[in-house]
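Structure first, commentary second.
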There are 2 protein chains.
Amino acid sequence: MPDTAIDPDFGFTSDELDPEKCPVRQVLAQVGGKWTVLILELLQHGPRRFNALGRAIPDISKRMLTQTLRDLERDGLVSREVFPTKPPSVQYALTPLGVDLMKAMGGLLDWAWTNFDKVKTARDVYDATP
Amino acid sequence: MPDTAIDPDFGFTSDELDPEKCPVRQVLAQVGGKWTVLILELLQHGPRRFNALGRAIPDISKRMLTQTLRDLERDGLVSREVFPTKPPSVQYALTPLGVDLMKAMGGLLDWAWTNFDKVKTARDVYDATP
DNA sequence: TGTATAGGTCTCATTTAGAGACCGTTGCTG
DNA sequence: CAGCAACGGTCTCTAAATGAGACCTATACA
């Protein structure tokens with residue numbers, strides 16, 4: 001549904017919602033990933049190694065664990081450090097930027113814990129009325 | 001990577017991360033959707049109709065707009081009201097629960113606006129070093 | 001010798017998202 | 001009165017993301 005210039009219903013320039021330019025969209029594309037916040041939460045407990053994270057998340061595959069960590073590293077939210085043990089071990093940790101992000105997420109996480117029962121109820125009601 | 005009982009690295013019961021039981025995972029699965037927050041933000045400006053939302057989001061398809069709105073309605077975050085005009089018009093609005101969620105998201109959205117340049121820089125650096 | 005651990009990669013099947021045609025009803029325009 | 005546009009969707013088909021799990025190299029321990 002392409003539209004140029006100014007939106008008649010809201011008065012935005014379309015730039016403000018341009019996927020490439022809107023920070024919210026860019027950040028949420030990452031943070032909204034299925035595993036992202038879970039991993040960030042675990043790393044709040046301190047640095048952890050690859051397989052420790054894998055063990056902690058019951059249903060993640062190595063493939064997705066690798067990929068999510070790579071993306072977080074790319075965005076500067078997580079650091080990756082290799083230790084020359086045999087076999088080599090790899091430690092992941094939150095960067096200061098990552099710590100900051102998790103602080104900013106606090107409100108949302110609290111909301112999730114305190115309000116999820118309401119969401120669940122709403123779902124049940126909705127599903128029960130065909 | 002299935003694991004039962006207590007995680008040795010963290011000390012969680014696996015229940016706390018069980019996809020079905022963890023509120024954070026459940027809420028983020030919704031909120032993390034590509035269009036969800038965008039739509040909620042638009043609805044903060046007041047109730048809007050289906051096609052108004054479609055016009056405001058340059059690159060959403062009707063299919064995804066429908067689906068995202070349905071999911072939000074199911075979760076009790078958005079209300080849907082049909083007016084018997086010809087042709088019928090449909091108005092979407094935030095529910096009190098939706099308003100509350102958006103308040104809780106404030107921190108994250110602010111973070112996105114003020115810190116996205118850092119993320120972007122980190123990305124450029126990462127991509128430049130093969 | 002045989003098995004386990006480390007941190008991944010690779011392939012293939014399944015799931016989800018996206019583009020865009022289509023639909024029925026109505027009103028406006030020529 | 002014919003034709004087109006707008007309302008709010010649904011339907012089909014394709015493309016992209018995700019998931020399961022086999023495989024890899026090197027070392028240590030039994």
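Below, read A as the first sequence line, B as the second, and so on, with proteins coming before strands; counting in each chain starts at 1.
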request  = Among dA6(C), dG18(C), dC7(D), find the nucleotide with the atom closest to the side chain of Arg49(A).
outcome  = dA6(C)
request  = Nearest whole angstrom, please: distance from the P of dA19(C) to the CG of Asp59(B).
outcome  = 7 Å
query = Hey, does the side chain of Trp35(B) come within less than 4.0 Å of dG18(C)'s phosphate (OP1/OP2), counting only N and O?
reply = yes
ask   = Of all the nucleotides listed (dG9(D), dA6(C), dA17(C)), which has the minimum atom distance to the side chain of Tyr92(B)?
value = dG9(D)
ask   = CD of Glu73(A) versus P of dG7(C): gap in Å, rounded?
value = 14 Å
remark   = Smallest heavy-atom separation, Thr68(B) atom then Ile39(B) atom, equals CG2-CD1, 3.7 Å
task = Describe the nucleic acid contact of Thr66(B) in one word from base, sugar-phosphate, nothing, applying a heavy-atom distance below 4.0 Å.
result = base
Any donor-acceptor pair under 3.5 Å from Thr36(B) side chain to Gly32(B) backbone = no
inquiry  = At less than 4.0 Å, is any side-chain N or O atom of Arg80(B) found next to OP1 or OP2 of dG9(D)? Yes or no.
reply    = yes
request  = Provide, to the nearest angstrom, the distance between the CE atom belonging to Met64(A) and the C1' atom belonging to dT18(D).
outcome  = 6 Å
ask   = Between the base of dG8(D) and the side chain of Lys62(B), is there a donor-acceptor distance below 3.5 Å?
value = yes
Closest nucleotide among dC10(C), dA6(D), dG7(C) to the Val90(A) side chain = dG7(C)
query = To the nearest Å, how far apart are Arg63(A) CZ and dT14(C) P?
reply = 16 Å
query = Which is true for Phe83(B) with a 4.0 Å heavy-atom rule: it touches a base, it touches only sugar-phosphate, or it touches nothing?
reply = nothing
query = Is Val125(B) reachable from Val78(A) through a run of hydrophobic residues whose side-chain heavy atoms are each under 4.5 Å from the next?
reply = no
query = Which residue, Gly33(A) or Pro87(A), contacts DNA chain D at a nucleotide closer to its 5' end, judged by nearest heavy atom?
reply = Gly33(A)
key: Distance, rounded to the nearest Å, where Ile57(B) contributes CD1 and dG18(C) contributes C1'   = 14 Å
inquiry  = The side chain of Ser61(A) is closest to which nucleotide in this list: dA6(D), dG20(C), dA20(D)?
reply    = dA20(D)
ask   = Just how far, in rounded Å, is P of dG21(D) from CG of Leu65(A)?
value = 17 Å
query = Rounded to the nearest Å, what distance is computed from the CD atom of residue Gln91(B) to the P atom of nucleotide dG9(D)?
reply = 13 Å
remark   = Taken to the nearest whole Å, NZ/Lys34(A) to C1'/dT18(D) is 8 Å
ask   = Do the side-chain N and O atoms of Arg74(A) and Gln30(A) include a donor-acceptor pair separated by under 3.5 angstrom?
value = no
query = So, do Tyr126(A) and Asp75(B) sit near enough that their side-chain heavy atoms are less than 4.5 Å apart?
reply = no
